[in-house]
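Notes follow once the structure below has been shown.
Within every chain, numbering begins at 1; the chains are lettered A, B, ... in the order of the sequence lines, protein sequences first and strands thereafter.
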2 protein chains.
Amino acid sequence: MVQCNQTHFNASFAALADATRRGVLDQLARGNASITDLADKFEMTLTGMKKHVGVLELAGLVTTEKVGRVRTCRLGPCRLEEEMAWIARYRQMWDMRFEGLDGVIDELKRQEKARGRKKRQ
Amino acid sequence: MVQCNQTHFNASFAALADATRRGVLDQLARGNASITDLADKFEMTLTGMKKHVGVLELAGLVTTEKVGRVRTCRLGPCRLEEEMAWIARYRQMWDMRFEGLDGVIDELKRQEKARGRKKRQ
DNA sequence: ATTACACTGAACCATATGGTTCAGTATGGA
DNA sequence: TCCATACTGAACCATATGGTTCAGTGTAAT
């Protein structure tokens, strides 16, 4: 549904709106890691890191699995395809909008030229 | 700088993490609008909408200009190029990661086959 | 059996977010 | 001049966010 997409966009963009979480994704792209690994790397308490991982997990960007006493984090199923598509569409609209403006500017220039010619006549 | 980029990513992704603000961008792509126009369209107070526009403006996604008593909002200079690039790079890493896993799986299968052959010998 | 490790949950804190109302200010139109 | 319009800013509110500490629980190693 639209609602569902909206909610998912909210979650994934919000997840990306934090430098630590983007860093975690970067790190997990290099290899799986435990909560402790990540907490060390980003100089943060276990509890703090767990919250970040939770946000990423809710957004589908990360999945985790606990075996024994260590929880391993890895990249999740969300590949940011829709987010990418949203931005791509936005940029397309932005370009069209500016082409439109260019059109207007060209039109204005033509009119100005025409006025210049008239004056000179 | 890296810091600067990080801050910009924070602002732009946070700006996108709200359905109303994404809607405003959509709307502005269709044409410029006043705060009143947007507030009406999204059934919100002027003050509320002004805050959203402020967030979008800070992220460079919107610019505004006040002439007379009406403030006109239009798409801003930020075309989300770097954000798009970040996501593209992420997806690339994600793919590599999974190719890597496929590689590991293939390796495991080969080893298993090898063990099978050994056992049968 | 003891101890160390890895995580978890609750509670707390400061600040940010998304919204409102209310009381202005400034501008445009009759 | 008078009134309606369009915005603005301050204050407020509830909830979310990004972090912490502290007190557990369960697992691994000695």
Rounded to the Å, how far apart are [X] [atom1] and [N] [atom2]?
| X | N | atom1 | atom2 | result |
| --- | --- | --- | --- | --- |
| B:Phe42 | C:dG18 | CZ | P | 14 Å |
| A:Arg71 | C:dG9 | CZ | C1' | 13 Å |
| A:Glu43 | D:dT20 | CD | P | 11 Å |
| B:Asp37 | D:dT5 | CG | P | 15 Å |
| A:Leu58 | D:dT17 | CG | P | 10 Å |
| B:Asn10 | C:dA16 | CG | P | 13 Å |
| B:Met49 | D:dA6 | CE | C1' | 15 Å |
| B:His52 | C:dG18 | NE2 | C1' | 6 Å |

> So, the side chain of B:Trp94 versus the backbone of A:Gly76: is there a donor-acceptor pair under 3.5 Å, distance only?
Replying inline: yes
> Can you name the one residue among A:Val62, A:Leu16, A:Val55, A:Leu61 that meets side-chain contact (heavy atoms from CB on, under 4.5 Å) with A:Arg21?
Replying inline: A:Val55
> Are B:Phe13 and A:Phe42 connected in the hydrophobic side-chain network, where two residues link if heavy atoms are under 4.5 Å apart?
Replying inline: yes
Between [options], spot the one nearest the side chain of [X], thanks.
| X | options | result |
| --- | --- | --- |
| A:Asp18 | C:dG19, D:dG19, C:dG18 | D:dG19 |
| B:Arg69 | D:dA6, D:dT27, C:dT8 | D:dA6 |
| B:Thr47 | D:dG18, C:dG18, D:dA10 | D:dA10 |

>> Both A:Lys50 and B:Lys51 contact DNA chain C. Taking the nearest nucleotide for each, which residue is further toward the 5' end?
In response: A:Lys50
>> For D:dG18, does the base pair up with any side-chain atom of A:Thr20 as donor and acceptor (N or O, under 3.5 Å, distance only)?
In response: no
> Counting just side-chain N and O atoms, does B:Lys66 come under 4.0 Å of either OP1 or OP2 of D:dT8?
Replying inline: yes
>> With a 6.0 Å cut-off (strictly less than), is the heavy-atom count around CD of B:Glu81, excluding the residue itself, greater than 12?
In response: yes
With sugar-phosphate meaning primed atoms plus P, OP1 and OP2, does [X] contact a base, only sugar-phosphate, or nothing at under 4.0 Å between heavy atoms?
| X | value |
| --- | --- |
| B:Ser34 | sugar-phosphate |
| A:Gly48 | base |
| A:Ile35 | sugar-phosphate |

>> If you assign each of B:Thr72 and A:Thr45 to its closest nucleotide in DNA chain D, which residue comes earlier from the 5' end?
In response: B:Thr72
>> On DNA chain D, does the nearest nucleotide to A:Gly68 precede the nearest nucleotide to A:Leu46 from the 5' side, or the other way round? Give the residue.
In response: A:Leu46
> Any side-chain donor-acceptor pair under 3.5 Å between B:Ser34 and B:Asp37?
Replying inline: yes
